[in-house]
S.K.: 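Please find one structure pasted underneath; my questions will follow.
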Amino acid sequence: MIRGRLHWIFDLDGTLTVAQHDFDAIRRQLGIAAGRPILETLEELPAGRAAPLYAHLDRIERDLAGRARAAPGAAELLSALRARGARMGILTRNRRPTARRTLDACGLSGWFADEDILGREEAPPKPDPGGIERLLARWRGTAADAVMVGDNRMDIAAGRAAGAAAVCVGARNGGDAAGADLWVQRLDQLLPEL
Ligand SMILES: [Mg+2]
């Protein structure tokens, strides 16, 4: 399914890093109802109410970013992909500077050019496939040669909507893997599939 594909797009938090975001706790801190999507909820608020909540979310995310650790097998997979000449990018619902800080904290920064990291200010949030399409256009790649890797159902949905292969990694909840072409517990379990 993913063999020979050379355009790889990763979710960041919980995929390349050890999951540490407690989204329910973040919702509580921001006063967002359980189960509601965080970014979309803020988007719907009047600007005056949303601004301090965005600032609060930014503080939460920057704090988490500074404590990020690489997911087991992440460096091995990225190294193997680079050796094969793959293009690699990140599509995150986080902000690009926070993504960079996260990569720095967990030693994965060297694998990704800034312009290959799309945050919520560079692309519509997943499950919208727009970010995947933008990276593929930049790389002159096709969805048939692309893989989207994530730990959340929104990552899988974005990958499928773009027409790429969708890989679910380390999902704590099997429901997140629904619709994925492949489901692994650790990123290095993808090595035999390359
Ligand atoms: Mg994630």
Side-chain angles (χ1 to χ4, degrees), residues 2 8-27 29-30 32 34-42 57-58 60-75 77-78 81 88-109 111-112 116-132 135 146-162 164-190:
I2 61 171
W8 283 65
I9 298 158
F10 293 89
D11 166 55
L12 180 56
D13 300 301
T15 296
L16 291 176
T17 70
V18 176
Q20 58 166 354
H21 286 62
D22 178 345
F23 291 108
D24 289 330
I26 294 174
R27 284 187 192 92
Q29 289 184 61
L30 298 176
I32 294 172
R36 292 274 296 138
I38 293 168
L39 296 180
E40 288 82 348
T41 302
L42 296 185
L57 178 61
D58 210 37
I60 294 171
E61 289 178 327
R62 267 187 292 137
D63 178 51
L64 287 168
R67 290 187 271 127
R69 284 181 297 127
L77 176 64
L78 296 174
L81 287 172
M88 298 184 283
I90 289 175
L91 179 59
T92 173
R93 290 167 61 97
N94 221 309
R95 295 180 61 240
R96 180 187 269 167
T98 310
R100 178 54 77 194
R101 183 171 155 87
T102 301
L103 290 168
D104 286 343
C106 62
L108 297 178
S109 225
W111 304 106
F112 299 97
D116 291 330
I117 301 172
L118 302 187
R120 61 176 175 255
E121 281 147 12
E122 289 80 39
K126 296 168 283 188
D128 191 297
I132 297 173
L135 285 170
V147 181
M148 173 73 211
V149 186
D151 70 317
N152 182 281
R153 62 194 156 74
M154 286 184 282
D155 304 317
I156 305 309
R160 292 189 64 89
V167 174
C168 186
V169 62
R172 292 149 285 176
N173 163 9
D176 283 327
D181 296 295
L182 201 58
W183 181 15
V184 291
Q185 283 300 328
R186 292 166 48 105
L187 289 170
D188 49 3
Q189 289 169 344
L190 293 171

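Both counts, for ligands and for their atoms, begin at 1 and track the order of listing. This one's a predicted model, so the numbers in the text were calculated from it and none came from an experiment.
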S.K.: Closest to the Mg ion (ligand 1), which N/O/S atom of Asp13 is it?
M.R.: O
S.K.: Among the N, O or S atoms that Asp11 has, which is closest to the Mg ion (ligand 1)?
M.R.: OD2
S.K.: Donor-acceptor check, side chain of Arg160 to backbone of Gly179, threshold 3.5 angstrom: yes or no?
M.R.: yes
S.K.: Check this for me: does any side-chain nitrogen of one of Asp24 and Arg27 sit under 4.0 Å from a carboxylate oxygen of the other?
M.R.: yes
S.K.: Counting backbone and side chain alike, does Asp151 bring an N/O/S atom below 2.8 Å of the Mg ion (ligand 1)?
M.R.: yes
S.K.: Indicate yes or no for a side-chain donor-acceptor contact from Glu61 to the backbone of Asp58 under 3.5 Å, with no hydrogens or angles considered.
M.R.: no
S.K.: Any sub-3.5 Å donor-acceptor pair from Asp181's side-chain atoms to Ala166's backbone N or O?
M.R.: yes
